[in-house]
Number of protein chains: 2
Amino acid sequence: MKSTNLYKGSLVTIILKLLNENDKMYGYEITQKVKEITKNELQLTEGALYPALHKLEAQGMLHVEISKVGNRVRKYYRLTEDGTKETVAKLAELESYIRNMRALVNPKFREG
Amino acid sequence: MKSTNLYKGSLVTIILKLLNENDKMYGYEITQKVKEITKNELQLTEGALYPALHKLEAQGMLHVEISKVGNRVRKYYRLTEDGTKETVAKLAELESYIRNMRALVNPKFREG
DNA sequence: TTTTATGCATAATAATTTTATGTATTACTT
DNA sequence: AAGTAATACATAAAATTATTATGCATAAAA
């Protein structure tokens, strides 16, 4: 992740949501998708991405499927059932975070 | 900071914005203000807050003014000029972050 | 009078990410 | 044909940030 330090803690949410939307993806593909969607504003670093994928897999959130394209190895990741549940939870957390930050930063968003 | 790990990296933004809005505040007051605004959803931990205030002071973003209320010491923090500039920058970063996260998480927010 | 609230502080630990590497295949350019 | 850029994985050391656990002390409330 290369950008502001605000993105700290957002990596898992991003990975889960993209997998939720795209069925299966491999690591490099995720980095490219993020660059594309954010118009180069956010670049996932490999040193953050791969350990995060491995951890999610170890936690049973993702299932891996190794594929070979020519002589090159690809690891396709897919959400498990638990991963899908976790995605929902993470998205709710993000909405809550955004709501709270908006309230903190903009008095207009503070309700009585 | 006690909540999701999404808040990692947001502490400085929160502190600067509250000081920008309230002219001067002391540490404990900041924790209470955050609780109030977020309706207890976000609790700043002292172990995070005080070191952050000290660091911002060392960086020249904040100016301290010690005050005594009864026998109790309070440290009022106030933005310096640099601190005010930094606040503007941090708020812009937050908006950018929210925009990017919305795009990542909600296809509706992706523009061509 | 004892608990809760106010008010500061720091140190050890944990978690997450950056930076720096490393390996290897494939495509593009000159 | 050779060199560079892109694709694709991986990990380890260092840095950053926050949590947890303390510690001290005053003031208010039960």
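Residue numbers begin at 1 in each chain, while the letters A, B, ... track the order of the sequences.
A donor-acceptor pair under 3.5 Å is formed between the side chain of B:Thr80 and the backbone N or O of B:Met61. No donor-acceptor pair under 3.5 Å is formed between the side chain of A:Asn22 and the backbone N or O of A:Lys24. The main-chain N or O of A:Leu104 is found under 3.5 Å from a side-chain atom of A:Arg110 such that the two form a donor-acceptor pair. In this structure, the side chain of A:Glu29 engages the main chain of A:Tyr26 through a donor-acceptor pair within 3.5 Å.
The CD atom of A:Glu29 sits 18 Å away from the P atom of D:dA6 (whole-angstrom rounding). Between A:Lys8 atom NZ and C:dT19 atom C1' there is a gap of 12 Å when expressed in whole angstrom units. Nucleotide C:dT17 holds its P atom 13 Å from the CG atom of A:Leu6, rounded to whole Å. Computed from coordinates, the A:Arg74 CZ to D:dA6 P distance equals 17 Å when rounded to whole Å. Distance CD1 (A:Ile30) to P (D:dA10): 11 Å, rounded to an integer number of Å. Here the P atom of nucleotide D:dA8 and the NZ atom of A:Lys35 are 13 Å apart, to the nearest Å.
With respect to the salt-bridge test (charged N to carboxylate O, under 4.0 angstrom), the residues A:Glu41 and B:Arg99 qualify.
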Under-3.5 Å N/O pairs linking protein and nucleotides 25-29 of chain D:
unit_1	atom_1	unit_2	atom_2	d
D:dT26	O2	B:Arg72	NH1	2.3
D:dA27	OP1	B:Asn71	N	2.9
D:dA27	O4'	B:Arg72	NH1	3.4

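When the side-chain nitrogen and oxygen atoms of A:Lys75 are compared with OP1 and OP2 of D:dA10, one or more of them lie within a distance under 4.0 Å. For B:Tyr26 and C:dG7, the shortest distance from a side-chain N or O to OP1 or OP2 is below 4.0 Å.
When the nearest nucleotides of DNA chain C are assigned to A:Glu46 and B:Gln32 by heavy-atom distance, the more 5′-ward of the two goes with B:Gln32. Ranked by how close their nearest DNA chain D nucleotide is to the 5' end, A:Tyr77 and A:Asn5 are led by A:Tyr77.
Of the residues in residues 47-68 of chain A, those with a non-hydrogen atom less than 4.0 angstrom from any atom of DNA chain C are A:Gly47, A:Ala48, A:Lys55.
Taking the side chain of B:Thr45 as heavy atoms from C-beta on, and the options D:dT20, D:dA10, C:dT17, the nearest nucleotide is D:dT20.
With hydrogens and angles left out, the side-chain atoms of A:Tyr97 and A:Ser10 include no donor and acceptor closer than 3.5 Å.
Counting heavy atoms from C-beta outward, B:Leu19 and B:Tyr77 have side chains that approach closer than 4.5 Å.
Base pairing analysis places D:dA30 opposite C:dT1; the two distances defining the Watson-Crick or G-U wobble pair are each below 3.5 Å.
Under a cut-off of 6.0 angstrom, the local environment of NE2 in A:His63 is sparse, with at most 12 non-hydrogen atoms contributed by other residues, nucleotides or ligands.
Here the straight-line distance linking atom NZ of A:Lys8 with atom CG of B:Leu6 works out to 13.5 Å at 0.5 Å rounding.
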